[in-house]
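Read the structure below first, then the notes.
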Amino acid sequence: MSLKGLRSFVKFDAREFLKGKQLLLMQETPWMDYDSGKEIGAKLKTTIWTDDTNYGTDGTTNEGSELDVKISGLKAEAIDRNNRGFIRLINPTGTVYGEFQNELSLKADGFDLIKQDGGEK
């Protein structure tokens, strides 16, 4: 029997997924509303620099993969382009989608820059 609406009950734990990962900020661009064309925030392009997550399968890693993160209300031009580095997302949330459930849409309330030794700047 094929059921409808099951996807509404699938929860993605963004904090747990991001635990053990270093995100490197690569680029920021305006996030535009599809319908109105108005700027509603910033879209950050990040690279998963390291991935120490245990996926339960040997050899599984997302190291080197890119993640786009949307932050509502943030202006892309307000981000200091000379101060790029590792970031920690504030209150991340995510939705898994796609035919094979292998795509991820991430949003956050903001981000903090992180020193390379793991401490905050």
Side-chain angles (χ1 to χ4, degrees):
M1 172 188 226
S2 179
L3 301 174
K4 296 178 176 72
L6 294 178
R7 188 180 203 168
S8 301
F9 298 94
V10 176
K11 303 288 184 213
F12 179 76
D13 189 343
R15 289 177 199 252
E16 192 64 26
F17 174 75
L18 293 170
K19 190 190 310 182
K21 291 179 178 60
Q22 283 185 302
L23 297 181
L24 181 61
L25 178 60
M26 301 298 291
Q27 181 183 24
E28 55 283 326
T29 57
W31 174 25
M32 310 302 280
D33 179 66
Y34 181 78
D35 294 325
S36 70
K38 293 182 180 177
E39 185 175 343
I40 57 175
K43 192 177 346 180
L44 309 180
K45 183 175 292 294
T46 66
T47 297
I48 299 174
W49 193 255
T50 60
D51 185 0
D52 296 328
T53 303
N54 181 355
Y55 295 96
T57 307
D58 287 342
T60 300
T61 183
N62 284 299
E63 201 167 280
S65 298
E66 291 184 352
L67 285 176
D68 288 337
V69 181
K70 297 174 183 174
I71 301 177
S72 183
L74 178 66
K75 296 280 190 188
E77 60 269 10
I79 300 169
D80 183 357
R81 296 172 191 268
N82 295 318
N83 202 13
R84 288 207 181 123
F86 294 104
I87 62 170
R88 178 181 301 122
L89 300 178
I90 300 170
N91 298 321
T93 59
T95 303
V96 176
Y97 67 97
E99 184 177 348
F100 300 105
Q101 300 291 287
N102 62 348
E103 302 289 330
L104 178 61
S105 174
L106 272 180
K107 293 182 181 177
D109 290 341
F111 69 93
D112 291 320
L113 288 167
I114 306 298
K115 287 184 182 178
Q116 288 192 3
D117 65 0
E120 293 187 25
K121 281 190 175 180

Evaluate the side-chain proximity of V69 to F111: yes if any heavy-atom separation is below 4.5 Å, no if none is. no
In this structure, would M32 and I71 fall into the same cluster of hydrophobic residues linked by side-chain contacts under 4.5 Å? no
In one Ile/Leu/Val/Met/Phe/Trp/Tyr side-chain cluster, 4.5 Å: M26, W31: no
Distance check, rounded to the nearest 0.5 Å: L89 atom CG versus L67 atom CG? 8.5 Å
Restricting to non-hydrogen atoms, name the atom on I114 and the atom on I87 that form the minimum distance, rounded to 0.1 Å. CG1-C, 3.8 Å
Distance (rounded to the nearest 0.5 Å) between E39 CD and T29 OG1: 9.0 Å
Say you draw a straight line from CD of E63 to CD of Q22; how long is it, rounded to the nearest 0.5 Å? 9.0 Å
Check whether D51 reaches the backbone of T61 with its side chain - one donor and one acceptor, N or O, closer than 3.5 Å. no
Output yes when a side-chain donor or acceptor of D33 lies under 3.5 Å from a complementary backbone atom of S36, and no otherwise. yes
Parallel, tilted or perpendicular: which describes the rings of W49 and F86, with under 30° parallel and over 60° perpendicular? perpendicular
Please identify each residue that fulfils salt bridge (charged side-chain N to carboxylate O under 4.0 Å, His left out) with K107, with sequence neighbours left out. none
Report whether L113 and L23 are members of the same hydrophobic cluster (ILVMFWY, side-chain heavy atoms less than 4.5 Å apart, transitive linking). yes
To the nearest 0.5 Å, tell me how far E28 CD sits from K43 NZ. 13.0 Å
Any side-chain heavy atom of L74 within less than 4.5 Å of one from I79? yes
Between G94 and L106 the two heavy atoms that sit nearest each other are CA-CD2, 4.0 Å
Are the side chains of R15 and D13 in contact, using a 4.5 Å heavy-atom criterion? yes
Rounded to the nearest 0.5 Å, the NZ atom of K45 sits from the CG atom of L24 at a distance of 12.5 Å
In one Ile/Leu/Val/Met/Phe/Trp/Tyr side-chain cluster, 4.5 Å: I90, L44: no
Taking all heavy atoms of A14 and all of P92, pick out the closest pair and write down the distance. CB-O, 3.6 Å
Straight-line distance of L104 CG to Y97 OH, nearest 0.5 Å: 8.0 Å
Grab the two heavy atoms, one from L25 and one from T46, that are nearest each other, plus how far apart they are. CA-CG2, 4.3 Å
